[in-house]
Amino acid sequence: MKYGNFEKGGTEYKITNPQPPRDWFNMLWNPTYLASVGQNMNGFSLYQNEEGVVTNLFGKQDDRSAPRNIYVRDNKTTEVWSVALRPTHVELDNYTCSHGLGYSILESKKNGIRVSFQIFVPRKEAAEIWSVSVVNESGGNRDLSVFTVAPVVLDGKSLTYGYNSAVDGYHDKEKQRLYFRNRSVSVMTEKYRAFTYTDVLYDHFDISKDVFLGKSQSYSNPECILDGQLNDSDASTEYMVSALQHNLNLNVGKEQRINFVLGIVFDEKEADKVTALYANSSLIDAELEKIKKQNIERLGFNFVDTPIADFNNLFNIWIRHQLYLMADWARFYFKGYRDTLQDAAGMAILNPERAIAMLKKALENQRSDGFCPRAFRVPSMDVAAADKHYSDSPSWISHATYSILNETGDISILDKVVHYSDKGAGTVWEHNLQAIDFLWEDRGDRGLSLIRHGDWNDLMDKVGAEGKGEGVWMSIALARALKLIGEIAEWKGDIERVIQCEIRYQEIKANILKHGWDDDHFIYAFTDAGNKVGDSASSEGQVFINPQSWAMLAGIIDIDKYETIMEKVEPMVNTPVGPVHNWPPFTKYNKDIGSITGIPQGNFTNGNVYCHAASFKIAADYTAGRNDKAFNTFIDILPSEEKSEPYAQANSYVGPSALRKERNVSDDPWRTGTVAWNVLNCFDNLLGFKRDFKGFSINPQIPSHWDKLSFKRFFRGVLFKINISRGKTQNILVDGVKQSDAFIEVPSIGLAKKEVIIDFQLGSKN
């Protein structure tokens with residue numbers, strides 16, 4: 001590979017070229033602190049509490065340029081270089097950056113000096129920990145200065161008097177740290193202070209950004225570093241930087257390690273506590289080992305061995321790791337309602353208990369009348385228009401509940417009591433019923449679901465803002481929810497609800513077919529003014545893929561009808577990196593539709609490959625038995641170095657109509673609802689481990705060019721070892737005993753056996 005490769009059994013990705021197509025990031029986090037780290041150690045860091053108060057330490061969301069810089073100066077020759085390629089752009093003799101599960105390590109060598117820069121986020125504290133090791137591998141003793149530098153912003157919440165008027169920073173030589181404060185009235189009761197501690201006494205420092213950068217005002221060549229000494233500047237009502245200088249005299253072969261703790265705290269007392277926890281190398285190393293162990297253990301026992309090594313690395317390790325990031329942080333600055341529930345549906349396969357907790361968290365934010373918000377834990381109500389009515393939120397409760405019940409077989413989960421956000425409490429089942437009843441009542445004149453300020457597609461924000469616009473996709477989502485609720489009701493023995501769901505399903509299905517069908521595909525919606533969105537007569541936004549794929553998922557159409565729709569749709573939407581969300585893209589703003597028409601074409605959900613929507617289509621293709629088509633699209637959207645970080649699922653890829661030069665690539669890594677659907681599509685569909693309330697059936701839907709594979713699936717306390725091969729006739733052996741069908745009954749308490757071997761031979765018709 002050109003830029004790097006998986007190592008250590010796939011648990012690390014080693015970047016060997018410091019200039020991949022764009023910066024490739026790792027995400028390091030605990031439930032309250034998140035740090036993004038590129039191959040030059042650049043990236044933002046932030047703290048967020050459960051109430052949604054955000055404190056940015058370095059940079060802001062999507063500000064990937066914020067540097068964590070380490071400079072080395074040879075005090076004899078006065079030569080200066082950076083440990084990463086940036087910011088000095090001095091060519092290095094050797095370079096690697098290894099992104100692992102919860103840590104990153106950059107190693108480089110220049111002029112006989114080898115430097116390692118390790119970074120991780122501890123399990124609990126709002127901090128990141130750096131360890132810098134400098135080794136003299138040259139032929140003589142060396143007089144060096146090491147400078148560690150990062151900007152400190154301490155914003156995130158609207159500040160009363162503006163930014164500069166309220167910040168200051170000062171040094172504390174005795175405690176070996178720099179301390180930074182934002183003293184705006186609006187944040188005095190929040191964690192808006194920060195510190196940098198080093199376990200090796202520093203020689204000089206700077207906190208004033210202007211003083212540090214000097215006349216050049218550039219991180220590439222600050223005069224103070226070129227001259228060999230920082231300025232010992234504190235700061236007040238000005239932008240700040242954390243800059244420390246350590247002077248080292250290293251004999252041949254000697255090594256010096258310097259540790260740094262950078263954290264967000266409420267006050268100096270809390271800074272003292274965090275410092276004590278990580279005051280030296282042994283404490284730091286012990287914490288990192290615990291993080292590594294935690295991140296490996298929570299990947300679980302499921303294991304896939306397919307003919308594609310990178311696919312195995314993704315689904316054995318990195319996709320699961322990414323799903324835990326989504327579980328902890330959802331979409332970083334806020335936790336979306338639909339996001340949490342879809343993540344919970346995928347998490348059920350990895351960690352059912354965690355999935356149940358996620359479901360409960362979402363239910364706690366549901367009102368007693370069934371309404372669900374767009375998001376919770378938000379820094380302001382402006383984020384994702386969190387105070388607006390997005391119609392799809394209640395529909396995802398059944399999606400998560402259904403997946404959890406299929407995984408556990410435990411009907412008692414439905415009896416757990418969860419409080420509503422406004423008043424009272426209800427069981428998990430009652431929350432589900434309130435949601436479906438709310439959706440049923442929230443319909444328009446055509447008997448279709450009102451779209452309100454948007455549905456899954458946030459950017460459809462004007463379609464139903466006046467309360468008249470109706471969504472065809474939203475109605476299909478309601479139909480699918482009715483099917484899921486009906487099936488759960490059957491498990492529960494609630495026959496009255498089973499009958500009601502079937503009657504409602506048939507009614508909404510008829511309305512969808514009557515009003516939503518447009519000659520050869522389904523439209524997306526009707527606006528408040530009664531205009532169609534996504535019909536053949538439209539010059540822009542003529543086709544949206546979600547109504548087509550969901551019509552298959554919800555059983556609105558049969559396989560033949562789906563194939564007919566795809567004959568029209570796929571030639572329009574297919575690209576080398578998956579299907580675009582809609583086509584043709586919007587190029588002119590349409591106030592009848594809203595924000596999607598104002599997004600530059602080929603980006604976000606306007607004519608780009610939005611991987612979340614593509615994952616819906618993959619699921620639909622599997623449902624229709626289009627195994628090769630589903631798999632090809634699956635591979636198209638999965639990460640690879642040509643289009644994104646090779647180890648993290650991207651949110652989207654730039655579409656073919658974009659004005660920019662670079663297309664079929666992603667600028668939006670890690671943060672996506674696609675990962676949960678990836679897990680479902682892999683285990684439920686591709687591998688064919690079809691979960692059921694009473695057990696599971698084996699129905700592999702592998703591509704035609706695969707002849708064999710194996711996987712391990714931990715299910716209800718039992719490890720199933722499953723081998724798939726091809727033959728002339730279908731044959732199933734369970735622990736060597738031939739079975740008449742592919743269904744294996746597994747009670748919620750598991751089986752007497754803790755391991756079961758299944759050999760499944762696909763017949764020629766498969």
Side-chain angles (χ1 to χ4, degrees), residues 302-308 311-312 315 345-346 348-349 399 402-403 405-409 480 483-484 487 491 549 552-555 557-560 562-563 615-635 677-716 718-746 751 756-766:
N302 300 328
F303 180 84
V304 303
D305 185 10
T306 76
I308 303 177
F311 186 93
N312 300 339
F315 283 92
I349 289 178
H399 174 72
Y402 185 78
S403 180
L405 292 177
N406 273 329
E407 185 67 25
T408 64
R480 181 174 181 267
K483 286 181 74 71
L484 299 183
E487 193 169 344
W491 300 338
S549 56
M552 186 72 229
L553 293 175
I557 54 175
D558 59 20
I559 293 174
D560 291 340
Y562 183 69
E563 290 280 8
S615 70
F616 299 156
K617 185 177 182 297
I618 293 167
D621 285 337
Y622 276 124
T623 301
R626 307 171 86 222
N627 298 348
D628 282 351
K629 184 65 184 178
F631 182 77
N632 290 340
T633 303
F634 209 166
I635 294 297
W677 283 82
N678 277 348
V679 170
L680 296 173
N681 278 326
C682 177
F683 286 97
D684 288 353
N685 295 323
L686 173 67
L687 301 179
F689 193 95
K690 306 289 187 182
R691 299 172 295 155
D692 181 86
F693 183 66
K694 294 184 177 181
F696 68 93
S697 58
I698 296 293
N699 179 25
Q701 294 186 263
I702 62 176
S704 57
H705 60 279
W706 282 7
D707 291 326
K708 64 179 181 178
L709 72 149
S710 62
F711 65 96
K712 297 176 182 178
R713 180 67 163 85
F714 190 72
F715 184 71
R716 301 182 187 175
V718 182
L719 185 62
F720 292 90
K721 299 179 178 180
I722 302 169
N723 305 303
I724 310 294
S725 61
R726 291 194 182 275
K728 292 183 179 180
T729 59
Q730 181 169 301
N731 188 40
I732 306 168
L733 300 177
V734 178
D735 284 336
V737 179
K738 188 171 183 178
Q739 303 292 304
S740 58
D741 62 46
F743 182 77
I744 310 294
E745 186 171 346
V746 185
L751 301 172
V756 175
I757 297 175
I758 300 176
D759 296 293
F760 188 100
Q761 179 177 282
L762 286 163
S764 57
K765 293 183 179 180
N766 298 104

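Keep in mind that the numbers below use all heavy atoms, side chains included, and drop hydrogens, waters and symmetry copies.
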(message) Within the 4.5 Å heavy-atom criterion, are Tyr622 and Ile618 side-chain neighbours or not?
(response) yes

(message) As an exercise, state the distance from NZ of Lys708 to CD of Gln761, rounded to the nearest 0.5 Å.
(response) 13.0 Å

(message) When you compare the side chain of Phe693 with that of Glu487, does any pair of heavy atoms fall below 4.5 Å?
(response) no

(message) Give me the atom names and distance for the closest heavy-atom approach of Arg716 to Glu407.
(response) NE-O, 3.1 Å

(message) Is there a salt bridge (charged side-chain N to carboxylate O under 4.0 Å, His left out) between Arg626 and Glu563? Walk through the geometry before answering.
(response) CA-CA 9 Å; Arg626 307 171 86 222; Glu563 290 280 8; 3.3 Å; yes

(message) Are the side chains of Phe715 and Ile349 in contact, using a 4.5 Å heavy-atom criterion?
(response) no

(request) Measure across Lys483 and Ala554 and return the closest heavy-atom pair with its distance rounded to 0.1 Å. (result) CD-O, 3.1 Å

(request) Decide yes or no for Asn678 and Leu680: does some side-chain heavy atom of the first lie under 4.5 Å from some side-chain heavy atom of the second? (result) no

(message) If I compare all heavy atoms of Phe760 with all of Ile698, which pair ends up nearest, and what's the gap?
(response) CD1-CG2, 3.4 Å

(request) Check each of Asp305, Ile722, Ile702, Asn723 against Leu709 using the side chain to side chain contact (heavy atoms under 4.5 Å, CB included) test, and report the only one that passes. (result) Ile702

(request) Decide side-chain contact (heavy atoms from CB on, under 4.5 Å) for Glu745 and Asp692; before the verdict, give the C-alpha distance in whole Å, the side-chain angles of both, and the deciding distance to 0.1 Å. (result) CA-CA 9 Å; Glu745 186 171 346; Asp692 181 86; over 6 Å; no

(message) For a quick test of reading the model, state the closest non-hydrogen atom pair linking Ser549 to Lys617 and the distance between them.
(response) CB-CA, 3.7 Å

(request) Determine yes or no for a side-chain-to-main-chain donor-acceptor pair under 3.5 angstrom, with Asn302 supplying the side chain and Phe714 the backbone. (result) yes

(message) Which label fits Phe311 and Phe634: parallel for a plane angle under 30°, tilted from 30 to 60°, or perpendicular past 60°?
(response) perpendicular

(message) Do Asn731 and Lys738 have side chains that approach each other closer than 4.5 Å (heavy atoms only, starting at C-beta)?
(response) yes

(message) Looking only at side-chain N and O atoms, does Asp621 offer a donor or acceptor that is under 3.5 Å from a partner on Tyr562?
(response) yes

(message) Testing the 3.5 Å rule here: is there a donor-acceptor pair between the side chains of Gln701 and Lys690?
(response) yes

(request) Name the orientation class of the two ring planes belonging to Phe689 and Phe711 (parallel below 30°, tilted from 30 to 60°, perpendicular beyond 60°). (result) perpendicular

(request) Supply the atom-to-atom distance Asn681 CG to Phe315 CZ, rounded to the nearest 0.5 angstrom. (result) 8.0 Å

(message) Using 0.5 Å steps for rounding, measure from the CG atom of Leu687 to the SG atom of Cys682.
(response) 4.5 Å

(request) Find out whether the Lys NZ or Arg CZ of Arg691 is both under 6.0 angstrom from the six-membered ring centre of Phe696 and within 45° of the ring's axis. (result) no

(message) Donor-acceptor pair, distance only, cut-off 3.5 Å: does the side chain of Ser403 make one with the backbone of Ala345?
(response) yes

(message) As a quick check of understanding, evaluate side-chain contact (heavy atoms from CB on, under 4.5 Å) for Phe631 and Asn627, giving each step before the final call.
(response) CA-CA 6 Å; Phe631 182 77; Asn627 298 348; over 6 Å; no

(request) State, yes or no, whether a side-chain contact exists between Val304 and Ser710 at a heavy-atom distance under 4.5 Å. (result) no

(message) Nearest 0.5 Å, please: how far is CD in Gln739 from CG in Asp759?
(response) 11.5 Å

(request) Compare all side-chain heavy atoms of Thr306 with those of Leu686 and state whether any distance is below 4.5 angstrom. (result) no

(request) Taking the side chain as every heavy atom from C-beta outward, state whether Phe720 and Ile758 have any atom pair closer than 4.5 Å. (result) yes

(message) Measuring from atom CG of Asn312 to atom CZ of Phe303, what distance do you get when rounded to the nearest 0.5 angstrom?
(response) 6.5 Å

(message) Looking at Asn685 and Thr623, would you say the former's side chain and the latter's main chain have a donor-acceptor pair under 3.5 Å?
(response) no

(message) For the CG atom of Asn699 and the CG atom of Asp684, what is their distance to the nearest 0.5 Å?
(response) 11.5 Å

(request) Could you tell me whether the side chain of Arg726 and the main chain of Trp706 form a donor-acceptor pair under 3.5 Å? (result) yes

